Amino acid sequence: MGDSVAVWRTKHQSGTVLEPSAPCRTAVPWERDDVAMADHLEASVTLPSDPASVSAARAYVVGTLAEWGLPADTEVSDTIRLIVSELATNAVQHTFGQSPTFTVDVALDRDERLRIGVTDSHPRFPRRLPAAVQQDNGRGLVIIRWLTAECGGRLRIRPTREGGKTISIELPWVIPAQPVPTAVRQEP
């Protein structure tokens, strides 16, 4: 097969059509369960730094991954949903109004590695707070790190050129195998 470009759009809850920042490139697409996969898929959405955007970020990521072949009702999808929820919550709560928006990027490379990053424009990196029984916050990054490691992935925090930061996870891309129906044995 020759080179081709896969272009796709995702409709956000607000009705706005969201497109990836650059077209998805596919060097050699292949078939898997009647779905053509590409060497690289990516999606991105920018949301206001508002508590309501946390659920929009979760829905966007889970919906995008479902389009890419990960069913929304799997344990892996639930773990990713929790990670995105923590990342988006951190972007909203800990930027102290200095980041009016945050961006969620999702990328799948060679059907092997999934990357999800949340970028905000606040320059302060997250830091671990001492755990206290009465404390309601300060554990998000610990939760993200633990869930990511449990899935065989890694967590990265890097500054952006614009002075903000991106907190991202990278996970192995594993699609749960569909259960194979067992043949009914008939006794002779």
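Numbering of residues begins at 1 and proceeds along the displayed sequence. Small disclaimer: the values here were computed from a predicted structure and weren't measured.
Side-chain atoms of Tyr60 never come within 3.5 Å of backbone atoms of Ala43 as a donor-acceptor pair (strictly under, hydrogens ignored). Thr148 places no side-chain N or O within 3.5 Å of a backbone atom of Arg145 that could act as its donor or acceptor partner.
Partners of Thr101 by side-chain contact (heavy atoms from CB on, under 4.5 Å), not counting sequence neighbours, listed by chain and number: Thr46. In terms of the side chain to side chain donor-acceptor pair (under 3.5 Å) criterion, Arg156 has no residue partners (sequence neighbours excluded). The salt bridge (Lys or Arg N to Asp or Glu O under 4.0 Å) check on Arg158 picks up nothing, with sequence neighbours excluded. For Ser77, there are no side chain to side chain donor-acceptor pair (under 3.5 Å) partners, not counting sequence neighbours. Residues passing the side chain to side chain donor-acceptor pair (under 3.5 Å) test with Ser85 are Arg58, sequence neighbours excluded. Under the salt bridge (Lys or Arg N to Asp or Glu O under 4.0 Å) criterion, Arg124 pairs with no residue, sequence neighbours left out. Scored by the side chain to side chain donor-acceptor pair (under 3.5 Å) test, Ser49 finds no partners at all (sequence neighbours excluded). By the side-chain contact (heavy atoms from CB on, under 4.5 Å) test, Pro172 is found to be paired with Arg113, Val174, residues two or more places apart in sequence or in another chain being considered. With sequence neighbours excluded, the residues satisfying salt bridge (Lys or Arg N to Asp or Glu O under 4.0 Å) with Arg115 are Asp109. By the side-chain contact (heavy atoms from CB on, under 4.5 Å) test, Glu112 is found to be paired with Arg110, residues two or more places apart in sequence or in another chain being considered.
Residues Trp173 and Leu70 meet the side-chain proximity criterion, which asks for heavy atoms closer than 4.5 Å. With a 4.5 Å cut-off on side-chain heavy atoms, Thr103 and Val45 do not count as touching. At least one side-chain heavy atom of Pro100 sits under 4.5 Å from a side-chain heavy atom of Ser121.
Rounded to the nearest 0.5 Å, atoms CD1 (Ile83) and CD1 (Ile167) are 12.5 Å apart. In this structure, CG in Leu141 is found 5.5 Å from CG in Leu155, a value given to the nearest 0.5 Å. The CG atom of Leu108 sits 11.0 Å away from atom CG of Leu171, with the distance rounded to the nearest 0.5 Å. For the atom pair CG of Asp105 and OG of Ser168, the computed distance is 9.5 Å after rounding to the nearest 0.5 Å.
Tested against Leu87, the residues Val54, Val92, Val118, Asp120 include a single side chain to side chain contact (heavy atoms under 4.5 Å, CB included) partner, Val118.
Residue pairs meeting the salt bridge (charged side-chain N to carboxylate O under 4.0 Å, His left out) criterion with at least one partner in residues 95-104, sequence neighbours excluded, do not occur; the list is empty. Evaluation of the salt bridge (charged side-chain N to carboxylate O under 4.0 Å, His left out) test over residues 81-93, restricted to residues two or more places apart or in two chains, returns Asp78-Arg81.
The two residues Gly140 and Asn90 come nearest to each other via the heavy atoms C-ND2, 4.4 Å. In terms of heavy-atom proximity, Leu114 sits nearest to Ile116 at CD2-CD1, 4.0 Å. Between Leu47 and Ser53, the closest heavy-atom pair is CD1-O, 3.6 Å. Nearest heavy-atom pair, Gly117 versus Thr166, reported as atom, atom and distance to 0.1 Å: CA-CG2, 4.3 Å.
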Just do the side-chain contact (heavy atoms from CB on, under 4.5 Å) check on Val104 and Val61 with the steps written out, would you?
CA-CA 8 Å; Val104 180; Val61 170; 3.6 Å; yes
Between Leu65 and Val76, is a side-chain contact (heavy atoms from CB on, under 4.5 Å) present by the stated rule, with each step listed?
CA-CA 11 Å; Leu65 297 181; Val76 172; over 6 Å; no
Can you check side-chain contact (heavy atoms from CB on, under 4.5 Å) on Trp68 and Val106, steps first, answer last?
CA-CA 11 Å; Trp68 294 351; Val106 185; 3.5 Å; yes
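With hydrophobic clusters built from ILVMFWY side chains whose heavy atoms lie under 4.5 angstrom apart, Phe102 does not share a cluster with Val62.
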